[in-house]
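Worksheet: the structure to be examined is printed underneath.
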Amino acid sequence: MFDQWAARSTADGKDYKARVESLREQLLQQQFALADSGRSVILVVAGVDGAGKGVLVHRINEWMDPRRIETNTFWDRSNEEDERPYFWRYWRCLPASGYTAIFLGSWYHTPIQQRVDGEIDAKAMRTVGERIRIFERQLSAEGAIVIKLWLHVSEETQREQLDESAPQKRQNPRVTDRPYELHGKYKSTLRAAEELVRQTQSAECPWHIIDAEDRRSCELTAGEIILKAMQSPPTAATAAPLPPSPGNDYLAAVALDKRLDRDAYKKKLDRYQARLQDLVWQAYRDKRSLVVAFEGWDAAGKGSAIRRVTAALDPRLYRLNQVAAPSDEEAAHHYLWRFWRRLQRDGKATLFDRSWYGRVLVERVEGFASDREWQRAYEEINEFESELVAHGNIVAKFWIHISPEEQLARFRAREKEARKRYKITEEDWRNRDKWPAYAEAVNQMVDLTDTEHARWHLIPGNSKHYARVRILKKLCETLEGALG
């Protein structure tokens, strides 16, 4: 396949020089235009060892302004990376709007190597390919220009590079520090690569196979491909159509009359906090991370419920993230970027006071996200949580529900009490006026993201005592079910 698909530019000395000068000028113009477009470039440079990937990346940085390019090189996975979901190491390196990120040794490297070494079979490879397609589709839908280059050379050329027997002007420096491990794996590497390339070829994120036998030709071809991709207008991503509403009012089914008297509350609080402490330590020993999302109405009692959870945890075993409006840096990235990068290592708990569900709640209702953006977010969120669980993480999600009357009473109480007055803002009152719109969004959220691997727990919150104990109990049950 690579021999048939490989593209190559031909040019003699004078023609080559003229084309390179023109290409550099246009690339710089497009790079400056990119800074104001709100888009980013994600450049994947892949290929067999000895094809000149590092040389090409060096040339790209030379031709363009390197101050707006970040080159990411991925070799062996570190312990820190192994202890998080597979795509974590790549999400955290995604470029901000207006910037370019080069991935040398990308999300393709590990599965191809595993396939060559017999660590995964064809079925597992298809699963990997589907996850990569979803990942790249998410990036493209958010406005990123995804460019994927595969540099192809013959087996003879690779052998010369590995043996360092190629003519000096054709020798690629520092091919690998383990060249002899690669001998005899050319054909198996191509078979694995072709398998994955076919599975991940798509209209929005296509592969470009480049004949890299001649270095100048390779560089010119790659530069022209990059320029064409940067000049292309953004493709309007279609939103995943929402399924017909099932007519379920999940919030109406929550029994808000549930209560606990003070004595029962104290006994159950102590019991479930002690049990949760033991389970979180067991999860730490088993290298199973806990990821918890807390959502709910304003004044529903999320903060006080979270404090009862953290009171049961060793501070060394968790991190609590309070999520507000995104910072400028966060807003310049995919909306899931700030949540991926906060995930803790295996065995640690990550708690979110408000979460990625803001995309389909406040951003939807307040118009901060377009219809296309929040409608496709359900699929993106389900994939995110699926990847967490596939890695071994335990996911729990809570919506604390209260009645409009209870919320009003709590708002007024906060206004009267000096030490709680900071909790009530004009924004809280404005959000209250949009209760029906938020209720519709919550019901849609539960309907589309309550999955077998990441269940929603709707917690009656009119009684804070009952809500706190219920959350602790559900956390214990979730951990017990996952840990066995």
Side-chain angles (χ1 to χ4, degrees), residues 1-10 43-57 73-77 86 90 102-133 135-136 147-202 205-219 221-222 225:
M1 179 186 77
F2 289 153
D3 289 324
Q4 298 171 352
W5 288 7
R8 182 177 184 180
S9 293
T10 56
L43 177 61
V44 174
V45 180
V48 296
D49 291 289
K53 300 184 292 292
V55 174
L56 174 60
V57 170
T73 303
F74 299 95
W75 304 110
D76 296 332
R77 291 173 64 86
Y86 178 73
Y90 308 113
I102 300 175
F103 288 87
L104 183 58
S106 65
W107 40 94
Y108 288 93
H109 176 77
T110 297
I112 290 174
Q113 189 63 53
Q114 290 176 330
R115 187 76 169 112
V116 170
D117 294 339
E119 297 176 14
I120 59 175
D121 58 14
K123 181 179 179 181
M125 193 68 149
R126 287 193 296 271
T127 300
V128 171
E130 180 58 25
R131 287 209 180 275
I132 289 175
R133 282 178 65 93
F135 172 55
E136 293 175 348
I147 308 169
K148 302 186 294 187
L149 308 179
W150 180 275
L151 308 191
H152 179 64
V153 294
S154 67
E155 186 172 13
E156 176 64 20
T157 297
Q158 186 196 54
R159 184 191 61 77
E160 290 179 348
Q161 292 291 341
L162 298 180
D163 291 343
E164 298 184 352
S165 59
Q168 186 174 0
K169 65 179 182 179
R170 288 181 49 211
Q171 184 70 49
N172 296 323
R174 294 182 295 278
V175 173
T176 174
D177 60 346
R178 299 188 298 269
Y180 295 103
E181 294 181 15
L182 305 175
H183 278 289
K185 294 186 177 181
Y186 177 87
K187 290 184 174 62
S188 59
T189 299
L190 278 196
R191 283 195 299 269
E194 287 182 0
E195 190 177 356
L196 193 54
V197 165
R198 287 182 186 275
Q199 293 171 11
T200 55
Q201 180 76 312
S202 65
C205 303
W207 274 102
H208 303 277
I209 314 301
I210 299 176
D211 184 338
E213 291 288 334
D214 179 77
R215 184 180 298 174
R216 293 199 310 178
S217 170
C218 173
E219 293 168 359
T221 304
I225 290 171

Minimum heavy-atom separation for Ile120 and Met125, please, with both atom names.
CD1-SD, 3.8 Å
To the nearest 0.5 Å, what is the distance between CZ (Arg126) and CZ (Arg131)?
15.0 Å
What is the distance from atom OG1 of Thr127 to atom CD of Gln199, rounded to the nearest 0.5 Å?
9.0 Å
Quick one: are Val44 and Trp150 in side-chain contact, heavy atoms under 4.5 Å?
no
For a 4.5 angstrom cut-off between non-hydrogen side-chain atoms, does His152 reach Leu190?
yes
Just to verify, what does Tyr90 make a ring pair (Phe, Tyr, Trp, His ring centres under 6.0 Å) with, not counting sequence neighbours?
Phe74, Tyr86, Trp107
Which heavy-atom pair separates Ala212 from Ala51 by the least distance, and what is that distance?
CB-O, 3.5 Å
Check: Val153 main-chain N/O paired with Gln158 side-chain donor or acceptor under 3.5 Å:
no
Please check this pair: side chain of Glu213 against backbone of Ser154, looking for a donor-acceptor N/O pair closer than 3.5 Å.
yes
From CZ (Arg115) to OG1 (Thr189), nearest 0.5 Å
12.0 Å
State, to 0.1 Å, how close Leu104 and Lys53 come at their nearest heavy-atom pair, and which atoms those are.
CD1-CB, 3.6 Å
Can you tell me if Asp117 uses its side chain to pair, donor with acceptor, with the backbone of Glu119 under 3.5 Å?
no
Search all heavy atoms of Gly129 against all heavy atoms of Leu196 and return the closest pair with its distance.
CA-CD1, 3.8 Å
Under the side-chain contact (heavy atoms from CB on, under 4.5 Å) rule, what do Glu160 and Glu156 come out as? Steps first, then yes or no, please.
CA-CA 6 Å; Glu160 290 179 348; Glu156 176 64 20; 3.6 Å; yes
side-chain contact (heavy atoms from CB on, under 4.5 Å) between Leu149 and Leu56, worked out
CA-CA 11 Å; Leu149 308 179; Leu56 174 60; 4.2 Å; yes
Least distance between heavy atoms, Ser202 atom then Arg133 atom:
CB-NH1, 4.0 Å
Between Trp207 and Thr200, the two heavy atoms sitting closest are NE1-OG1, 3.0 Å
May I have the step-by-step check of salt bridge (Lys or Arg N to Asp or Glu O under 4.0 Å) for Glu194 and Arg191, ending in yes or no?
CA-CA 5 Å; Glu194 287 182 0; Arg191 283 195 299 269; over 6 Å; no
How long is the straight-line distance from CD of Glu219 back to CG of Leu151, given to the nearest 0.5 Å?
10.0 Å
Could you give the distance from CD1 (Ile225) to CD1 (Ile147), rounded to the nearest 0.5 Å?
9.0 Å
